[in-house]
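Atoms considered below: every heavy atom in the structure, side chains included; atoms not considered: hydrogens, waters and symmetry mates. Quick note on labels: first sequence line is chain A, next is B, and so on, each numbered from 1.
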Amino acid sequence: MRALARCFAQTLRQIVREKETLVLLFGASFFYALFYPTPYMKQVLRDLPVIVVDRDHTALSRQITRWLDASEGAHVSSRASDLDAAQDSVRAGVAGAVLLIPKDFERHVLRREPAYVEAYADASYFLVYSTALRAINGVVGTVSAGVSIRRLQATGLTDQAAARRARPVTFVAWPLFNPLAGYGTFVVPSVFILILQQTLLIGIAALRVAEREADSNREPLWAMLGGKLGATALIYVGHGLFMFGVVFSLYGFPMRASWPDVIVFLVPYFAAVTLLGLAVAELFDRPESSTVALAAMSVPALFMSGISFPLEVQPGWVRALSVVLPSTFCIRGFLQLAIMGARFDQAMKAWGALWVQVAVYWSLAWIVLRHRERSARSEGTAPGAELVPGS
Amino acid sequence: LAAGDPIQGIGMSSVARVIHREFQRLPRFPVLWALLGPIPLAGALLLTGVFHAEVARRLPIGILDFDGTRATRLAARWVGAARSVNVVARIQDLGQAQDLVARRKVYAVLVLPRHFERDLLHQRAPRVTLLYNEQYITAGNLISADVARAVNTGAGAVAFELQRSRGLTAAAAQAAAEPIRVDARLLFNPAVNYASGVGLVLIAGLVQVVAGISAIYVVGRELRDSSAGEWLEAAGGSAAAAWIGKLTPYVLYDLVLMLVLVGGFLAWFHIPVRGHLAFVGLGALAFSLATKSIGVLLTVWLGNLRMALGIGSVFFGPAVAFSGVTFPRIAMSTFAQVWGGFVPLTRFMLLLRDQVMVGASLRISAGPLLMLGATALIAGLLALPRMGRVLRDPRLWGQE
């Protein structure tokens, strides 16, 4: 036990002493947590510029234009007569969509003939086309429902009966957990989990390489691993509290889990990442190599977790590879607990998977470090000596 | 050779000597080798895998039928036939619905109320509710849009029959059921393909990380190893030749990497290039120069390999978020808009959108191209005062 306490204290000292590990393991998460959400502070796209090409020039076409301008998602940036020129503006990225109200539009409506408006939306940006179409469909749907109700009223029905007849089934879509479809709420929690993984992985690998070169360790292996796990857990639980407590409330992201649940859930995550970092450190000849090799990993890791493009449609081999990464399971389980308000037992699958990773990576780190220790001892040299040339 | 007069020293032979030296150094840095080759290839392969399906179909949903009549079963069949959904569970109560959603077994639950059939027949407009998981925005939006369409089509068919029963013609009945329709056309990506809509920026972002980090590494390593003197010597004492020889192979490599990865991605998903491929190549060159300049700027002023790598990862790592592809720049905070403006990826993605997806005129794409050139130039000019000194001043070497 005393060896464990010594290793724990020694790891903390080491982290503080080395400027690089201090920056990676303390500073980076802190900085990223404040920096990363800045694009998403407004959460949703509002007042997207839309061009209206009104060839009808009637009261009804003007009403649609006015209502569209007043809608949350869109604002009518200009009124044009030339459809091609309007489409060129979409092509140039100046406007997000064009709404064309054709000639004789109101006449068709009054004569009870099918009437259409045409919407051209820029689908090269998903949020642009979906916002534009939601705004246009909402306005046109409301105008259209008003027209049918007035017609039915004309046949002698009461207001209420007319409204029911116009829509024989009422459809209500009820968004759960992220009711405004806020982009920040969607992406930031998962990215925070990923940031914790990346900084810890890179930081602990750098620490391990530096330590290997210094050859200061004379403690038993289990105590050394345990001491590292304790130190990183302590620091990273702190990061977790800062990110999911302070930063979440600063930027207004929801937090539906209790703190004990969050901490209990995250502990095996930090352990798995730490052990993985200790094992992969063997691949690196210099402390900074971990940054070089692992910096490019974050984007694929985020998308393999299935938060954006659904997991269910990702091919089997991608899903098989994704189980290697602790972020895959932690993102899933954390979203369940913190955002979706699941009970802990409902997130048990993800938590269990993290513990399996802890067991696997403990064994891996053990084997790798034992091998290093032995080869160092048999050669009678410092463990750093047989490193790749150029170090 | 006059060290103070770099122009005099530029000769093809000195540049060639630096390039030659660079190739000899490369095998000594396995991590650099990994960064240039296997890492971006593996990343691109994984991303290609992630978006393999291109569009998300048949996402799991559940149906909670409180009525259990012929009408609700018909409604469930209408909804189940929608492309985005796959009905995987018949749910008994709301508790079970909560459980399935919380366990991520289903993305949505369609609730058909008690007395649905009776209310429908009596024209009392029964209410159908879709509870959908909007934390998973992609799945949630697809499912809600598709189910809304299915329910409205079903409702429209009912309204249509009602009107027909009152003796209207088919066209008039349709017009009566839904007097005004929106004919929506999706420009530039009609199938809402996620490979081009989201995947492309991730591939380009990957290349930017490789281009930026490799620039920092190859320069920072010379300073840390105190080998900058040798480097200058190989250039015959000319700082200009030293820098040109150093960076040229990597700029060309970035260009090849970008064209291979983006080209491979487009070819794999059969995404047509509607504009000028040569212009994309020109943009990729400007992108590489801009990224390299920023990498060099960071390295020469920080003078410390590790610090430059750290700051470089902060700049290049989250670049996708600031690029405006997944979340439009007009919706961003001012800070994020300004920051994103300095990120080469932001400009390059505009160019890629214009020339690959839109087929816009070159006049439109000239803007981002010039901005990339300006970024390269400004970062280069800011780095310039220090670029000669780091080669000659041993006090700037060897920092850990």
Check your understanding: Side chain, backbone, both or neither: which part of A/Thr155 has a heavy atom under 4.5 Å from chain B?
Key -> side chain

Exercise for review: Specify which of A/Ala342, A/Ser148, A/Ala295 makes the most heavy-atom pairs with chain B at under 4.5 Å.
Suggested key: A/Ser148

Review point. Do B/Arg103 and A/Asp345 have side chains that get closer than 4.5 Å, going by heavy atoms?
Key: yes

Study note, to complete from the structure: Between B/Val31 and A/Ala293 the two heavy atoms that sit nearest each other are CG2-CB, 4.0 Å

Review point. Of all heavy-atom pairs between B/Leu206 and A/Ala296, which one has the smallest distance, and what is that distance?
Key: CD1-O, 3.5 Å

Practice item. Look at A/Glu118 together with B/Arg181 and state whether they make a salt bridge at an N to O cut-off of under 4.0 Å. Key: no

Review point. Does some side-chain heavy atom of B/Asn141 sit less than 4.5 Å from a side-chain heavy atom of A/Phe126?
Key: no

Check your understanding: Checking heavy atoms, do the side chain of A/Leu321, its backbone, both or neither come under 4.5 Å from chain B?
Key -> side chain

**Study point:** Contact class of B/Val111 relative to chain A, heavy atoms under 4.5 angstrom
**Key:** neither

**Study point:** Check against salt bridge (charged side-chain N to carboxylate O under 4.0 Å, His left out), A/Glu312 and B/Arg57
**Key:** CA-CA 9 Å; A/Glu312 286 77 7; B/Arg57 297 262 160 85; over 6 Å; no

Check your understanding: Is the backbone of B/Ala102 close enough, under 3.5 Å, to the side chain of A/Gln336 for a donor and an acceptor to pair up by distance?
Key -> yes

Practice item. Run the salt-bridge test on A/Asp285 and B/Arg28 with the 4.0 Å N-O cut-off and return the result as yes or no. Key: no

**Study point:** Note, B/Glu134 side chain near A/Pro179 side chain (heavy atom, < 4.5 Å)
**Key:** no

Study note, to complete from the structure: Cut-off 4.5 Å, heavy atoms of chain A, and the answer for B/Pro38 is neither

Review point. If you round to the nearest 0.5 Å, how far is CG of B/Leu187 from OH of A/Tyr129?
Key: 12.5 Å

Revision key, fill the gap. From the list B/Asp119, B/Asn152, B/Val151, B/Leu112, side-chain contact (heavy atoms from CB on, under 4.5 Å) with A/Val169 holds only for B/Val151

Point to revise | Among the listed options A/Pro168, A/Ser290, A/Gly141, A/Pro300, the residue most often paired with chain B at heavy-atom distances under 4.5 Å | key: A/Pro168

Exercise for review: Run the salt-bridge test on A/Arg286 and B/Asp225 with the 4.0 Å N-O cut-off and return the result as yes or no.
Suggested key: no

Revision key, fill the gap. B/Asp354 and A/Arg91 have their tightest heavy-atom pair at OD1-O, 4.1 Å

Revision key, fill the gap. In this structure, OH of A/Tyr40 is separated from CZ of B/Phe327 (nearest 0.5 Å) by 7.5 Å

Study note, to complete from the structure: Looking only at heavy atoms, the pair that brings A/Val44 and B/Ala331 closest together is O-CB, 4.0 Å

**Study point:** Heavy-atom proximity to chain A below 4.5 Å, by part of B/Arg127
**Key:** both

Review point. Do B/Gln337 and A/Pro39 come within less than 4.5 Å of each other through their side chains, counting heavy atoms only?
Key: no

**Study point:** Distance (rounded to the nearest 0.5 Å) between B/Gln135 CD and A/Ile339 CD1
**Key:** 5.0 Å

Review point. Parallel, tilted or perpendicular for B/Phe51 and A/Phe303, by the 30°/60° rule?
Key: tilted

Check your understanding: A/Leu24 versus chain B, heavy atoms under 4.5 Å apart: side chain, backbone, both or neither?
Key -> neither

Practice item. Answer yes or no: is there a side-chain heavy-atom contact under 4.5 Å between A/Val292 and B/Ile216? Key: no

Practice item. Under 4.5 Å heavy-atom distance to chain B, tell me which part of A/Ser124 shows up: side chain, backbone, both or neither. Key: both

**Study point:** CG-CG distance between B/Asn189 and A/Asp122, expressed to the nearest 0.5 angstrom
**Key:** 9.5 Å

Point to revise | Whether A/Ser144 side chain and B/Ile180 backbone form a donor-acceptor pair below 3.5 Å | key: yes

Revision key, fill the gap. Rounded to the nearest 0.5 Å, the OG1 atom of A/Thr185 sits from the CD1 atom of B/Ile137 at a distance of 8.0 Å

Practice item. Taking all heavy atoms of A/Ala123 and all of B/Phe188, pick out the closest pair and write down the distance. Key: N-CD1, 4.5 Å

Check your understanding: Are side-chain heavy atoms of B/Thr129 and A/Phe171 found at a separation under 4.5 Å?
Key -> no

Practice item. Using a 4.5 Å cut-off on heavy atoms from C-beta on, say whether the side chain of A/Leu45 contacts that of B/Ile330. Key: yes

**Study point:** Pairs of heavy atoms under 4.5 Å with chain B: top-ranked of A/Ser190, A/Gly341, A/Ser289, A/Ser298
**Key:** A/Ser289

Check your understanding: Less than 6.0 Å separating the ring centroids of A/Phe177 and B/Tyr136?
Key -> no

Study note, to complete from the structure: Pair count under 4.5 Å, heavy atoms only, with chain B: among A/Val191, A/Leu133, A/Val90, A/Ile195, highest is A/Val90

Check your understanding: Where the side chain of B/Ser333 meets the backbone of A/Thr38, is there a donor-acceptor pair that is under 3.5 Å apart?
Key -> yes

Review point. Contact part of B/Leu35 toward chain A, heavy-atom cut-off under 4.5 Å: side chain, backbone, both or neither?
Key: side chain

Review point. What part of A/Pro49 lies closer than 4.5 angstrom to a heavy atom of chain B: side chain, backbone, both or neither?
Key: side chain

Review point. What is the distance from atom OG1 of B/Thr138 to atom CD1 of A/Ile307, rounded to the nearest 0.5 Å?
Key: 8.0 Å

Review point. Under a 4.5 Å heavy-atom cut-off, does chain B meet the side chain of A/Ala173, its backbone, both or neither?
Key: both

Check your understanding: Considering only heavy atoms, which portion of A/Val318 lies under 4.5 Å from any heavy atom of chain B: side chain, backbone, both, or neither?
Key -> side chain

Practice item. Quick one: sort the A/Phe35 and B/Phe322 rings into parallel, tilted or perpendicular, breaks at 30° and 60°. Key: parallel

Review point. Of all heavy-atom pairs between B/Asp99 and A/Arg343, which one has the smallest distance, and what is that distance?
Key: OD1-NH2, 4.0 Å

Review point. Crowded around B/His52 NE2? As in, over 12 foreign heavy atoms under 6.0 Å?
Key: no

Check your understanding: At a heavy-atom separation under 4.5 Å, does A/Gln198 approach chain B through its side chain, its backbone, both, or neither?
Key -> neither

Exercise for review: Check whether B/Thr326 gets within reach of chain A through its side chain, its backbone, both or neither, counting any heavy atom under 4.5 Å.
Suggested key: both

Review point. Given side chains that start at C-beta, do those of B/Arg104 and A/Arg332 come closer than 4.5 Å, heavy atoms only?
Key: yes

Point to revise | Verdict with reasoning, A/Glu288 to B/Tyr217, per side-chain hydrogen bond (donor to acceptor under 3.5 Å, both in side chains) | key: CA-CA 9 Å; A/Glu288 70 271 9; B/Tyr217 193 79; 4.8 Å; no

**Study point:** Contact origin within B/Val209 toward chain A - heavy atom pairs under 4.5 Å
**Key:** side chain

